[in-house]
2 protein chains.
Amino acid sequence: MANHKKESFTHREQDLAAFAKALSHPARIAILKVLSQKNECICGEIVEVLPLAQSTISQHLKELKIAGLIDGTVDGPRSCYCINWKAFEKFSAEFNSLFNNLKIRNEKACC
Amino acid sequence: MANHKKESFTHREQDLAAFAKALSHPARIAILKVLSQKNECICGEIVEVLPLAQSTISQHLKELKIAGLIDGTVDGPRSCYCINWKAFEKFSAEFNSLFNNLKIRNEKACC
DNA sequence: ATCTTATATCGCAAATATACGATAAAGGAA
DNA sequence: TTCCTTTATCGTATATTTGCGATATAAGAT
């Protein structure tokens, strides 16, 4: 039984892990780059740029949306996605906080 | 066929994704915290602190090691793990670089 | 040599993730 | 209305992750 015990950890750890997970696939990082480079909301342009099928891109977009990193609104027959800067800033700040927290403690390598 | 097409992306994207993946489980974040809080190399203490079986912790440690975030040396019958600060700094810097790169482009939300 | 302790690895089960083609849904164009 | 375009979702196949118990391994203790 693959009892995924993620609940046993702190909320903070779970949130950070979820953010990291959203960024844990190169396609999703590439998607974020595309979204950030355009001032307009993009839809199928991502499909043209990335070497993945339309349905696969759609799935990655869904995961980024669930993670809260992007917003998506329906715009006629097409969809409009863009980065949720507020969530993104919040997460990157928390990430840096983790980094700094780790760094502060132990500077002398012990092995 | 679950052809994992990660190779089709840039090295940078792959590296960042791999780093994010290492941090994509709360147990691994918790392990890094434990390692950073101790000045001595820890081994089984992690098992006592976290709600996971010894074999599971060992597996997470292995993944962190493969990702390059920690070093491990055998010290008699026990193992000694600690954070590889050099790798850690490098990755956190690259991450921040990604964050900043994304932020620079598009400040006006479009949807 | 035998026992104990600490850790890694194996084998397995279940859950998730990745990817794609096919199809559905929704709106614009003819 | 009927087509076309765009995107989401379904179904499916395969790969990877997560987790645990059992076992192997390796070194110190007795």
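In what follows, every chain begins at residue 1, and chains take the letters A, B, ... in the order their sequences are listed. Predicted model only: the values in this text are computed from it and were never measured.
- You'll find that the side chain of A/K62 is closest to D/dT9, out of C/dT9, D/dT9, D/dG19.
- Rounded to an integer number of Å, the gap from A/K65 NZ to D/dA8 P is 8 Å.
- B/I83 places none of its side-chain heavy atoms less than 4.5 Å from the side chain of B/D71.
- At a threshold of 4.5 Å between non-hydrogen side-chain atoms, the residues A/F88 and B/L102 count as touching.
- One can place CD1 of A/I42 at 14 Å from C1' of D/dT6, the figure rounded to the nearest angstrom.
- Straight-line distance from the CZ atom of A/R78 to the C1' atom of C/dA25: 16 Å, rounded to whole Å.
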Going 5' to 3' along nucleotides 21-30 of chain D, which nucleotides have protein heavy atoms under 4.0 Å from the base (write B), which only from the sugar-phosphate (write S), and which from neither (write -)? BB----S---
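- Between B/L64 and B/A22, the shortest heavy-atom distance links the atoms CD2-O, 4.0 Å.
- Looking at B/L61 and B/K65, their side chains never come closer than 4.5 Å, going by heavy atoms from C-beta outward.
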Under the criterion side-chain contact (heavy atoms from CB on, under 4.5 Å), I'd like the reasoning laid out for A/E89 against B/F99: C-alpha separation, chi angles, the key distance, then a yes or no. CA-CA 8 Å; A/E89 299 268 5; B/F99 292 159; over 6 Å; no
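- Of the residues near DNA chain D, A/F9 and A/S58, the one whose nearest nucleotide (by heavy atom distance) lies more toward the 5' end is A/S58.
- The CD1 atom of B/I46 sits 15 Å away from the P atom of D/dG19 (whole-angstrom rounding).
- As judged by a 4.0 angstrom heavy-atom cut-off over every strand, B/I57 is placed among residues making no nucleic acid contact.
- If you take NZ of A/K6 and C1' of C/dA17, they are 11 Å apart, rounded to a whole angstrom.
- In this structure, CD of B/E63 is placed 13 Å from P of C/dT9, rounded to the nearest angstrom.
- Remark: nothing in residues 13-30 of chain B comes within less than 4.0 Å of DNA chain C through any heavy atom.
- Rounding to whole angstrom units, CD of residue B/E48 and P of C/dT5 are separated by 13 Å.
- Here B/Y81 reaches the OP1 or OP2 of C/dA8: one of its side-chain N or O atoms lies under 4.0 Å away.
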Give the table of side-chain donor-acceptor pairs shorter than 3.5 Å for residues 14-21 of chain A, with sequence neighbours excluded, one pair per line with atom names and distance.
unit_1: A/Q14; atom_1: NE2; unit_2: A/K6; atom_2: O; d: 3.4
unit_1: A/Q14; atom_1: NE2; unit_2: A/F9; atom_2: O; d: 2.9

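- Nucleotide C/dA8 holds its C1' atom 16 Å from the CG atom of B/L64, rounded to whole Å.
- Judged by distance alone, the side chain of A/E48 and the main-chain N or O of A/E45 form no donor-acceptor pair under 3.5 Å.
- Residue A/H60 has a polar side-chain atom (N or O) positioned under 4.0 Å from OP1 or OP2 of C/dA19.
- Proximity of A/L69 to A/N84: side-chain heavy atoms (C-beta onward) are nowhere separated by under 4.5 Å.
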Evaluation steps, side-chain contact (heavy atoms from CB on, under 4.5 Å), between B/S79 and B/T73: CA-CA 6 Å; B/S79 284; B/T73 51; over 6 Å; no
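- You'll find that the side chain of A/Q59 is closest to C/dT18, out of D/dA8, D/dG19, C/dT18.
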